[in-house]
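A short write-up of the structure that comes next.
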Amino acid sequence: MDIFSGFEKIVRSNYPLAKHTWYGLGGPADYFITPENSEQLKQVVRRCNENKIAIRVMGFGSNLLVNDGGLRGAVIKFDSEEFRQTQFKGEQVTAGAGADMSKLLFACVKKGLSGLEGLTGIPGSVGGMIRMNAGGNFGDVGTAAVTVTLMDSSGKIFEKSKPELMFDYRRTNITAKFILGATLQLASAEPEQVLRTVKEIWIYKKNSQPLNTKTCGCIFKNPRGVSAGALIDRAGLKGLQIGQAVVSEKHANFIIAKNGCTSRDVRRLIELIQQKVKEQFGIGLEPEIEIWD
Ligand SMILES: Cc1cc2nc3c(=O)[nH]c(=O)nc-3n(C[C@H](O)[C@H](O)[C@H](O)COP(=O)(O)OP(=O)(O)OC[C@H]3O[C@@H](n4cnc5c(N)ncnc54)[C@H](O)[C@@H]3O)c2cc1C
């Protein structure tokens, strides 16, 4: 641990990542780092750069498939109190990258602030949600985001605001490695109305997605104008299983990891689905989940 001497409290070696992912899959990272604040983040990033250690950033791992064999390099997670802070000011909220978006949504419901209801049922940290522009039919986080605080790999901290800040389907124009936080624009509303919308979306999701299973949400992005789930369903792949990974019967774009599943099972099933959909419809499905090798 010489490389990170002085940072023993926040750097763990050979650290299992499975428990930090929604799939509960994946091997250990060489280093798992949870900086307490941006100054410490800068310092550990400098150590990584000096020692040519690759860095990845992890949110709540709800969109990640981590290799069974583990990962070379460092994984940084914004897990400290400072990075989980949220602060409401009028109709805006500023939240750290590690804040839980679901908790933020419920705080908004209580305060009678509308704007995040479309994220009901989507797990994730503020940083991960901004990176992915998480959302769906009911709206996405990019619509609410006005400013993001970022840090690049050289340790420079800066902000990016709309209109310079842009969001598209599951992507943003943020190129900086680290999202440290975001300010979201909300609008005053009746708490009962906000809660009603959240409940409606929740019921819709509960009825259409396998929510009480180990998944990573939608595996594939929707190709332009088509639903990936509908293509997989029409290809007759619901229930298809490799090892302990199975295509959900409830929503064909979800792969469930059953007991004993490995990342490799999920990977092989993803490849098989891609191959079969390509054969039948001539359409190449692109993963929405991120695969960490
Ligand atoms: C049951 C279920 C339902 C889901 N439904 C939806 C849905 O409807 N719509 C949708 O869009 N997604 C959905 N997802 C996927 C997931 O919730 C989103 O992609 C979410 O944004 C991931 O956030 P996270 O914090 O878990 O990020 P992670 O999965 O940990 O990481 C995702 C990406 O963000 C990057 N990242 C994370 N934090 C930071 C940071 N601070 N700085 C820089 N980069 C960072 C990671 O490097 C990675 O590239 C679902 C997942 C599950 C398990």
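As the structure lists them, so they are numbered: ligands from 1, and atoms in each ligand from 1.
- Under the 3.5 Å distance criterion, with hydrogens and angles disregarded, no donor-acceptor pair is assigned to the side chains of W202 and E200.
- Listed by first and then second residue, the salt bridge (charged side-chain N to carboxylate O under 4.0 Å, His left out) pairs that reach into residues 38-59 come to none, sequence neighbours excluded.
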One line per pair, note the atom names and distance for all nitrogen or oxygen contacts under 3.5 Å between ligand 1 and the protein.
from	atom 1	to	atom 2	distance (Å)
ligand 1	8 (O)	K205	NZ	3.4
ligand 1	9 (N)	G135	O	2.7
ligand 1	11 (O)	G135	N	3.0
ligand 1	11 (O)	G135	O	3.3
ligand 1	11 (O)	R170	NE	3.3
ligand 1	17 (O)	S62	OG	3.1
ligand 1	17 (O)	P123	O	2.5
ligand 1	21 (O)	G128	O	3.3
ligand 1	25 (O)	F60	N	2.9
ligand 1	25 (O)	S125	N	2.8
ligand 1	25 (O)	S125	OG	2.6
ligand 1	26 (O)	F60	N	3.2
ligand 1	26 (O)	G61	N	3.2
ligand 1	26 (O)	S62	N	2.9
ligand 1	26 (O)	S62	OG	2.6
ligand 1	29 (O)	S62	N	3.1
ligand 1	29 (O)	N63	N	2.8
ligand 1	30 (O)	G59	N	2.7
ligand 1	30 (O)	F60	N	3.4
ligand 1	30 (O)	G61	N	2.8
ligand 1	38 (N)	G128	N	3.4
ligand 1	41 (N)	I179	O	3.0
ligand 1	42 (N)	I179	N	2.9
ligand 1	44 (N)	R131	NE	3.4
ligand 1	47 (O)	V57	O	2.5
ligand 1	49 (O)	E290	OE1	2.5
ligand 1	49 (O)	E290	OE2	3.0

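- For Y31 and Y15, the distance between ring centers is not under 6.0 angstrom.
- We find the OG-NZ distance between S208 and K250 to be 7.5 Å, quoted to the nearest 0.5 Å.
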Side-chain atoms of residues 101-113: list all donor-acceptor pairs with protein atoms under 3.5 Å, sequence neighbours left out, distances to 0.1 Å.
none

Donor-acceptor list for residues 270-278 side chains, cut-off 3.5 Å, not counting sequence neighbours:
from	atom 1	to	atom 2	distance (Å)
Q274	NE2	L285	O	2.8
Q275	NE2	E279	OE2	3.2

